[in-house]
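Below is one structure; the comments refer to it alone.
First listed ligand is number 1; within each ligand, the first listed atom is number 1.
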Amino acid sequence: MTVFPAERLQARAVELGFNRVGITRATPAPTLDAYLRWIDAGYHAEMGYMARPDRIARRRDLNVIVPRAQSMIIVALDYHALNIPDDLLRDPARGRFAAYAWGVDYHALMTPRLEALAAWLHDESRVDVAHRVYVDTGAVLERSHAQQAGLGFIGKNTLLIHPQRGSYFFLGEIITDLTFDTYDSPARDSMCGRCTRCLSACPTDAFPRPYVLDARRCISYLTIEHKGRIDPALRPLMGNWIYGCDVCQDVCPWQRFSVPTREPDFYPRTLDTVAPPLLDVLALDDATFKARYGHSAIARIKRARLVRNACIAAGNWGDESAIPALTRLLTDDDAQVRGHAAWAVYNIMGTDARARLRHLRDRDPDDGVRDELRALLGES
Ligand code: B12
Ligand code: SF4
Ligand code: SF4
């Protein structure tokens, strides 16, 4: 059996641009039971793929992904680019994007590099190396395996935190049937101690317990993954976040060790992907959305979902200057946009909006939007 020198692999991964790399055995993640309990509790919300039996089988046994899997090579890539002044990020007239989405889509950057690393391993080991590359989308518990590979501990906010770098980094991995001469030792389980900052800072109270996140309440889930109507009770808590959320990372004391990424592609080209004026986001059509966000991870949610999120932020802003843009959106092609625009108009104008909303209640073709309007008008 070929045994590959771990040191050479690690040096090559760093040459390819990754910040840290660890190697662990391809055994089930030690937190597998915690994940199964999470699914049973329904904390995965409508992310049905998290609970699919074939995907659970992969998490239980990595051999389902790569037959005779021996090792997992896990890489970390730092992404935090700039310290943007807080008053700009918190300006309620602006929508706010999570820092991971400021630059180019990380899947597009990391996947080819991991494939290049796997191809190099194949050439250097002179054997047919069976492998599978994942960045984010694989049915594996990345953070738990990364903890096993020594890349950091799991925080009460559920993020993987490196004691010298904080948590602003992505993970990716190669699962392979190759063995290595040495494997990394696991990092400590947790180094949070008695701190609970992230738990109390979460705007929507999304942590039922330390180390457990209820995605149904998480702004990151609601703004990115959730397709339909956002629970009106949660909307006022979402502030100006329009794509993802960084609160439980920003407040973490370990973040003081984070360093700016060396990856030029993770730096924002303009403020459009950091904190654009809400009026600009409300005015996006499909073409302008694509031109602005086509290169970034934001492209995935498409124009309607981003505008839906911006309607909530505009409602929270509460400024009358948003009314003309919101009024145009009351007749948007997308039902979610119309419903959330109505909520925002009502939030800003209060009972002055009643005539306008009544008019729409009688005409909107969508049952859900009419329900939303009836609720705003106190009719249900
Ligand atoms: C689904 C998903 C989400 C969901 C659910 C998040 C969640 N916490 O489960 C939503 C949409 C909410 C989300 C949000 C975000 N995500 Co996300 N997400 C994922 C994904 C695809 C799966 C995560 C998963 O399996 N969740 C199920 C839970 C049960 O598992 P877990 O997160 O590993 O949690 C473990 C711990 O809680 C632990 N545990 C349980 N009890 C206990 C007790 C103790 C004492 C200890 C020590 C541990 C422990 O066991 C669990 C099982 O392993 C991963 C990629 C992947 N394939 O792993 C990315 C991933 C986790 N996401 C990532 C990112 C960047 C984010 C955001 C920061 C994006 C943003 N800014 O908006 C937020 C962070 C929110 C948060 N606090 O987690 C990164 C995290 C990198 C890092 N340094 O940790 C990942 C790894 C993607 C990547 N490849 O880089 N995400
Ligand atoms: S990402 Fe935001 S909403 Fe989600 S758990 Fe963290 S602080 Fe709460
Ligand atoms: S804020 Fe405190 S409790 Fe939360 S992850 Fe960081 S150290 Fe742990």
Side-chain angles (χ1 to χ4, degrees), residues 28-41 43-47 49-51 55 58-59 74-80 96-102 106-107 110-111 134-148 151-163 165-173 187-226 234 237-239 241 243-255 258 297:
T31 58
L32 189 69
D33 286 345
Y35 154 71
L36 294 172
R37 285 195 297 274
W38 187 76
I39 296 290
D40 282 348
Y43 291 150
H44 58 297
E46 285 165 29
M47 294 181 288
Y49 62 90
M50 292 297 299
R55 307 286 174 90
R58 292 178 192 199
R59 288 184 179 84
I74 314 217
V75 295
L77 183 61
D78 297 331
Y79 62 77
H80 208 283
R96 186 168 175 187
F97 290 88
Y100 89 89
W102 290 356
Y106 64 102
H107 304 93
M110 291 176 72
T111 310
Y134 285 134
V135 177
D136 186 42
T137 49
V140 286
L141 294 166
E142 287 183 335
R143 307 195 246 210
S144 193
H145 290 292
Q147 183 267 336
Q148 290 294 295
L151 293 180
F153 65 90
I154 295 178
K156 290 180 188 170
N157 60 8
T158 77
L159 282 142
L160 192 78
I161 302 173
H162 188 281
R165 284 292 177 272
S167 62
Y168 288 120
F169 56 85
F170 299 117
L171 294 171
E173 59 274 343
R188 279 170 59 183
D189 277 356
S190 180
M191 292 173 72
C192 288
R194 279 193 287 192
C195 176
T196 53
R197 277 197 212 180
C198 54
L199 309 180
S200 41
C202 174
T204 50
D205 206 6
F207 296 106
R209 306 187 277 294
Y211 307 102
V212 178
L213 181 145
D214 181 352
R216 294 171 299 190
R217 299 187 66 86
C218 173
I219 296 170
S220 181
Y221 168 78
L222 294 169
T223 53
I224 302 173
E225 306 291 336
H226 183 70
L234 295 175
L237 310 176
M238 292 169 64
W241 291 104
Y243 186 96
C245 168
D246 285 331
V247 173
C248 57
Q249 298 196 84
D250 278 349
V251 299
C252 178
W254 296 98
Q255 232 55 268
S258 99

Which label fits Y168 and H80: parallel for a plane angle under 30°, tilted from 30 to 60°, or perpendicular past 60°?
tilted
Any idea which atoms of ligand 3 are less than 4.0 Å away from a heavy-atom of C192?
3 (S), 5 (S), 7 (S), 8 (Fe)
Distances under 3.5 Å, N/O of ligand 1 against N/O of the protein: list each pair and its distance.
residue	atom	partner	partner atom	Å
ligand 1	8 (N)	R143	NH2	2.9
ligand 1	8 (N)	T158	OG1	3.0
ligand 1	32 (O)	R143	NE	3.2
ligand 1	32 (O)	R143	NH2	2.9
ligand 1	37 (O)	Y211	O	2.6
ligand 1	53 (O)	T31	OG1	2.4
ligand 1	57 (N)	D136	O	3.0
ligand 1	57 (N)	G138	O	3.3
ligand 1	57 (N)	V140	O	3.1
ligand 1	58 (O)	V140	O	3.3
ligand 1	58 (O)	E142	N	3.2
ligand 1	71 (N)	C245	O	3.0
ligand 1	71 (N)	D246	OD1	3.1
ligand 1	72 (O)	S220	OG	2.8
ligand 1	72 (O)	C245	N	3.1
ligand 1	72 (O)	C245	O	3.4
ligand 1	77 (N)	N157	O	2.9
ligand 1	78 (O)	R143	NH2	3.3
ligand 1	78 (O)	T158	OG1	3.0
ligand 1	83 (N)	L160	O	3.2
ligand 1	83 (N)	S167	O	3.2
ligand 1	83 (N)	F169	O	3.3
ligand 1	84 (O)	L160	N	2.8
ligand 1	89 (N)	E142	OE1	2.7
ligand 1	89 (N)	L171	O	2.9
ligand 1	90 (O)	L171	N	3.0

Pair S144-Y35, side-chain donor/acceptor within less than 3.5 Å
no
Against heavy atoms of K156, which atoms of ligand 3 measure under 4.0 Å?
3 (S), 5 (S), 8 (Fe)
Name the orientation class of the two ring planes belonging to Y100 and F170 (parallel below 30°, tilted from 30 to 60°, perpendicular beyond 60°).
perpendicular
Working to the nearest 0.5 Å, report the span between CH2 of W38 and CG of D33.
15.5 Å
Look at the rings of Y221 and H226 and say which category their plane angle falls in: under 30° parallel, 30 to 60° tilted, over 60° perpendicular.
tilted
Look up atom OH in Y43 and atom CG in D214, then write down how far apart they are to the nearest 0.5 Å.
5.5 Å
Nearest 0.5 Å please: distance from the NE2 atom of H44 over to the CG atom of L213.
13.5 Å
To the closest 0.5 Å, what do you measure between CG (L159) and CD1 (I154)?
9.5 Å
If I take atom CG from residue L32 and atom CZ from residue R59, how far apart are they, to the nearest 0.5 angstrom?
9.0 Å
Nearest non-hydrogen protein atom to atom 6 (Fe) of ligand 3, with distance, is C252 SG, 2.4 Å
Do R55 side-chain atoms and A139 backbone N/O form a donor-acceptor pair below 3.5 Å?
no
Proximal ligand 3 atoms for C195, defined as those under 4.0 Å from one of its heavy atoms:
1 (S), 2 (Fe), 3 (S), 7 (S)
Near W254, which atoms of ligand 3 are under 4.0 Å from a heavy atom of that residue?
7 (S)
Mark up the atoms of ligand 3 that fall under 4.0 Å of a heavy atom belonging to I161, in ascending order.
5 (S)
Kindly say whether A187 contributes a backbone atom to a donor-acceptor pair with the side chain of Q147 at under 3.5 angstrom?
yes
Near atom 6 (Fe) of ligand 2 (under 2.8 Å) - protein N, O or S atoms:
C248 SG
Can any side-chain N or O of N157 pair as donor or acceptor with the backbone N or O of C198 at less than 3.5 Å?
no
Rounded distance [0.5 Å steps], NE2 in H145 versus CG in L151
12.5 Å
Here the atoms of ligand 2 under 4.0 Å from any heavy atom belonging to T204 are 3 (S)
Any idea which atoms of ligand 2 are less than 4.0 Å away from a heavy-atom of P203?
7 (S)
